[in-house]
Amino acid sequence: MSESEHIILTDVCKEYRARKGAVQALQSVSLESRKNEFIVIKGPSGSGKSTLLLMLGAMLKPSGGSVVINGTNIYSLNIRDRAAFRADNIGFVFQMFHLISYLNVLENVLLAAWKNGSPGESESKAQSLLEKLGLENRVDHTPGELSAGERQRVAIARAMMNNPTLILADEPTGNLDQENAKEVITHLKDFRDSGGTVMMVTHGDVCDDIADRTLFLKDGLLIEDQLARSKVNG
Ligand SMILES: Nc1ncnc2c1ncn2[C@@H]1O[C@H](COP(=O)(O)OP(=O)(O)OP(=O)(O)O)[C@@H](O)[C@H]1O
Ligand SMILES: [Mg+2]
């Protein structure tokens, strides 16, 4: 991982223009990630957590401020280049999994294949990710034939398909029992340990032990928990 592989948010704000007036979802958020960090974001409903992740995911333009990921100011790119940047650098995991119900597990993971070479190479990459996630016996199942934990592991394989440097996870354990939640966190932690950065929104305490930093959002303002244990060197 090079020095430029991290996230810098500078004075990011977001105002949604709703029919009945504007909503200030984020007010001047600044944040810098360190190398391969697992950052957890907590906060009450409506505090701006998903808004923040969407902006980090190159999917929602801030009303002000800048989002720089791996040295690229992502909202200065045109839509096409931003889509390419997103596919190349970022993996997503959602609370509701968002798998395609009529595609099987392997096809769902392959759907994310961006430019990993030939179809054969993509397929062997998807197969090896699924094996790593303990899903080698489920490749031709559809999502409806899987447990919730298995579905989320498919989503993690999909998120990792393009070797991202950043995984954004919005309540990835929200629909899982404690055991499956822990397994999902373990996979995200492995991704961090192999050099990636994780930004995860959660209400729970399932990753309190392994988070490098915990940030709190309240009314669109970011508060860094001074007491949060930091395992990051430098
Ligand atoms: N498209 C939109 N138009 C108008 N207002 C919006 C829009 N999306 C979100 N908001 C508002 O912005 C604020 C932040 O929303 P956001 O979804 O980021 O909250 P959150 O912290 O993720 O909440 P939750 O924990 O319930 O998922 C909320 O007050 C919400 O009503
Ligand atoms: Mg949300």
Side-chain angles (χ1 to χ4, degrees), residues 7-33 37-69 74-75 79 82-83 86 89-99 148-149 151-156 158-159 164 166-178 180-182 184-185 187-188 191-192 197-208 210-226 228:
I7 302 162
I8 306 172
L9 297 182
T10 309
D11 297 331
V12 168
C13 56
K14 180 67 193 177
E15 183 181 84
Y16 289 109
R17 292 184 190 281
R19 255 170 302 163
K20 291 194 173 171
V23 175
Q24 192 70 37
L26 280 185
Q27 316 183 34
S28 194
V29 167
S30 295
L31 167 67
E32 188 163 348
S33 72
E37 222 182 346
F38 195 130
I39 298 178
V40 170
I41 301 165
K42 294 188 175 183
S45 180
S47 58
K49 304 181 297 296
S50 295
T51 299
L52 183 60
L53 280 202
L54 287 171
M55 290 201 282
L56 286 165
M59 291 193 281
L60 182 68
K61 192 171 183 161
S63 310
S66 65
V67 180
V68 176
I69 299 179
I74 56 176
Y75 293 100
I79 286 176
R82 200 183 312 144
R86 185 189 306 119
N89 293 273
I90 307 172
F92 300 90
V93 184
F94 304 95
Q95 177 173 358
M96 304 298 284
F97 321 125
H98 294 324
L99 301 174
R151 284 180 211 173
Q152 197 59 304
R153 281 185 276 141
V154 176
I156 291 175
R158 178 183 60 188
L166 170 64
I167 287 189
L168 301 174
D170 198 343
E171 293 275 9
T173 59
N175 280 325
L176 304 180
D177 61 27
Q178 191 75 359
N180 279 300
K182 278 193 178 147
V184 160
I185 299 302
H187 292 301
L188 294 175
F191 173 76
R192 186 273 313 268
T197 298
V198 178
M199 288 275 239
M200 172 173 155
V201 164
T202 184
H203 283 109
D205 55 6
V206 68
C207 53
D208 284 358
I210 55 125
D212 296 309
R213 257 201 291 176
T214 304
L215 309 172
F216 293 94
L217 265 177
K218 191 165 187 294
D219 300 331
L221 279 169
L222 197 61
I223 307 156
E224 189 151 348
D225 181 5
Q226 300 299 333

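Just follow the structure's listing: the first ligand is 1, and inside any ligand the first atom is 1.
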Spacing of CD1 belonging to I185 relative to SG belonging to C207, to within rounding of 0.5 Å: 4.5 Å

Atom-level proximity to ligand 1, residues with heavy atom under 4.0 Å: Y16, V23, A25, P44, S45, G46, S47, G48, K49, S50, T51, H203

Test side-chain contact (heavy atoms from CB on, under 4.5 Å) applied to R213 and L31, step by step: CA-CA 12 Å; R213 257 201 291 176; L31 167 67; 3.8 Å; yes

Close side-chain approach of T197 to I167, heavy-atom, < 4.5 Å: no

pair L176-Q152: side-chain heavy atoms closer than 4.5 Å: yes

What donor-acceptor contacts under 3.5 angstrom involve side-chain atoms of residues 15-23, with partners at least two apart or in another chain?
| from | atom 1 | to | atom 2 | distance (Å) |
| --- | --- | --- | --- | --- |
| E15 | OE1 | R17 | NH1 | 3.4 |
| E15 | OE1 | R17 | NH2 | 3.2 |
| Y16 | OH | T51 | OG1 | 2.9 |

Summary of salt bridge (charged side-chain N to carboxylate O under 4.0 Å, His left out) pairs that have at least one residue in residues 41-59, sequence neighbours excluded: K42-D208

I41 and L52: CA distance, side-chain angles, deciding distance, side-chain contact (heavy atoms from CB on, under 4.5 Å) verdict: CA-CA 10 Å; I41 301 165; L52 183 60; 3.8 Å; yes

Under 2.8 Å from the Mg ion (ligand 2) - protein N/O/S, by chain and number: S50 OG

Electrostatic pair E37:R192 at N-O distance under 4.0 angstrom: no

side-chain contact (heavy atoms from CB on, under 4.5 Å) between F191 and V198, intermediate numbers included: CA-CA 8 Å; F191 173 76; V198 178; 3.7 Å; yes

